[in-house]
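Okay, so here's the structure we're looking at.
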Number of protein chains: 2
Amino acid sequence: MSDLAPIPDIIIRRLPIYLQALQHLHSRSVVTTNSQELGKMLGISAAQIRKDLSQFGGFGKQGTGYNIPFLIEKLKNILKIDRTWDVILVGAGDLGHAIARYQGFQNRGFRIIAVFDNNPAIIGSTIEEFSILPVSQARDFIQKNRVNIALLTVPASSAQEAAEFLVESGIKAILNYAPISLLLPEGIQVEYLDPLLQLQHMTYYLE
Amino acid sequence: MSDLAPIPDIIIRRLPIYLQALQHLHSRSVVTTNSQELGKMLGISAAQIRKDLSQFGGFGKQGTGYNIPFLIEKLKNILKIDRTWDVILVGAGDLGHAIARYQGFQNRGFRIIAVFDNNPAIIGSTIEEFSILPVSQARDFIQKNRVNIALLTVPASSAQEAAEFLVESGIKAILNYAPISLLLPEGIQVEYLDPLLQLQHMTYYLE
DNA sequence: CATTGTGAACGGGTTCACAGCA
DNA sequence: TGCTGTGAACCCGTTCACAATG
């Protein structure tokens, strides 16, 4: 627990996966698990799971394994998802519309609280309960509501510009749906979500 | 090019990213680039880009760098995306609907050619030009049309079962939108697409 | 006595530095 | 001269193996 050295990011990336598996077990009323069972579920070695979890403290019990509700709580703590995060959606095109309508985020710790676009033709129209706001109002909104996270669903051609504006406005983490790499200051979290990259990776192994 | 040893998967994963950057440069009519410029665009070291590309042959020219159209062609070859891949969409709930309507795959080397679901209430209804087919017809369809790739957008609770059925029917690659790990035979490609995992990873670094 | 937690060994990906070449 | 291609060095993540323990 005495983390003078930062925890490797690659471990942090696995924690949500562990959490997902644990919640799945929990939903089936399983109370205890162990590194071997988790490993089989996830295709990860038991040793790695033990080593990953041990970075944060002794969550397990020798001889019995891990208590699932307890470990879920701990992982949520570590990942800071023991709360609900407000996020904004920037870009109300087809993709943005689909995401705004999609209920998958709500109840899972993230809540879309506003939708922005800069197309005058759609500003003021509504998606679900959201009235589409002009991007020019985003800065005030972000600061007033202390929003840290943005979902970026603008076209690739304006993604860099939009991202820079969001960062200047106080956004600290961007989930980028646009198929383009963003260059942003150190310390800004960026994740990329492009199904095409994943499809293109898989085809290498086909035929 | 004499690959007795297989190319590490981590390199294959970077190729689509390189391709994306190259296509971006190409669209701006840039004809030549080099490892340093690409590295800056992508946040990857120049040495790594050179080493990755050299795995597949000498694509560059000392002193000048890489010819963009040539390198794009080569990467498409390697990734086998110098053709169009037919894919099926399995699961026509909200998410499946959004993906079926979304035009982002067409014209980028992948084409949805059918949509399946097992809910009698929606079988036969249409999304765009697709008539939703019963899953029971999927096996024949996959085999007749030699489909290799499926987008899986069923609920998490039925994803494992659906995936197994698809694999038995001949599917070789699954892009899994359901928030659950799949256990499938060796040799089947699986990619996971769950925005929540990415959001949960980013929150670790916030505040 | 089954399973964790962990130092040590291992393996492999990344960086370095420079020879080679247009 | 400028940039690629690449062996060697380095670094870091994974696996191994076992002591510790409830």
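In what follows, chains are A, B, ... by sequence order, proteins preceding strands, each numbered from 1. A quick note: this is a predicted structure, and the numbers were derived from the prediction, not measured.
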What is the separation between atom [atom1] on [X] and atom [atom2] on [N], rounded to the nearest whole Å?
| X | N | atom1 | atom2 | result |
| --- | --- | --- | --- | --- |
| A:I49 | C:dT4 | CD1 | P | 9 Å |
| A:R13 | D:dG13 | CZ | P | 12 Å |
| B:I44 | C:dT14 | CD1 | P | 9 Å |
| B:I7 | C:dG13 | CD1 | P | 11 Å |
| A:Q55 | C:dG5 | CD | P | 11 Å |
| A:D52 | C:dT4 | CG | C1' | 14 Å |
| A:Q36 | C:dG5 | CD | C1' | 16 Å |
| B:L53 | C:dT14 | CG | C1' | 15 Å |

Measuring to OP1 and OP2 of [N], would you say a side-chain N or O of [X] lies under 4.0 angstrom away?
| X | N | result |
| --- | --- | --- |
| A:Q48 | D:dT14 | yes |
| B:S45 | C:dT15 | yes |
| B:R14 | C:dT14 | yes |
| A:T64 | D:dG22 | no |
| A:Y66 | D:dG22 | no |

Between [options], which one does the side chain of [X] approach most closely?
| X | options | result |
| --- | --- | --- |
| A:R50 | C:dC18, C:dA22, C:dT6 | C:dT6 |
| B:I10 | D:dT6, C:dT14, D:dC18 | C:dT14 |
| A:S54 | D:dG13, C:dG5, D:dC3 | C:dG5 |
| B:Q62 | C:dT3, C:dG13, D:dT4 | D:dT4 |

Do A:R50 and A:S35 pair up side chain to side chain, a donor and an acceptor below 3.5 Å, judged on atom types alone?
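Yes - a donor-acceptor pair under 3.5 Å links their side chains.
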**Prompt:** When the ring planes of A:F105 and A:Y102 are compared, do they come out parallel, tilted or perpendicular, using 30° and 60° as the limits?
**Reply:** perpendicular
Query - Residue pair A:Y205, B:D9: steps toward the side chain to side chain donor-acceptor pair (under 3.5 Å) verdict - result: CA-CA 10 Å; A:Y205 296 98; B:D9 181 66; 2.5 Å; yes
- Task: Could you walk me through whether A:Y192 and A:Y177 pass ring-ring contact (aromatic ring centres under 6.0 Å, His included), step by step?
- Result: CA-CA 6 Å; A:Y192 296 90; A:Y177 286 76; over 10 Å; no
On DNA chain D, more 5' by nearest nucleotide between A:D9 and B:K61 is B:K61
query = Side chain of A:K51, base of D:dT15: donor and acceptor closer than 3.5 Å?
reply =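 Such a pair exists between side chain and base.
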query = Between A:Y66 and A:K61, is there a cation-pi geometry (under 6.0 Å to ring centre, at most 45° from the normal)?
reply = no
For a quick check of understanding: with a heavy-atom distance under 4.0 Å over all strands, which category does A:G63 fall into, base, sugar-phosphate or nothing? base
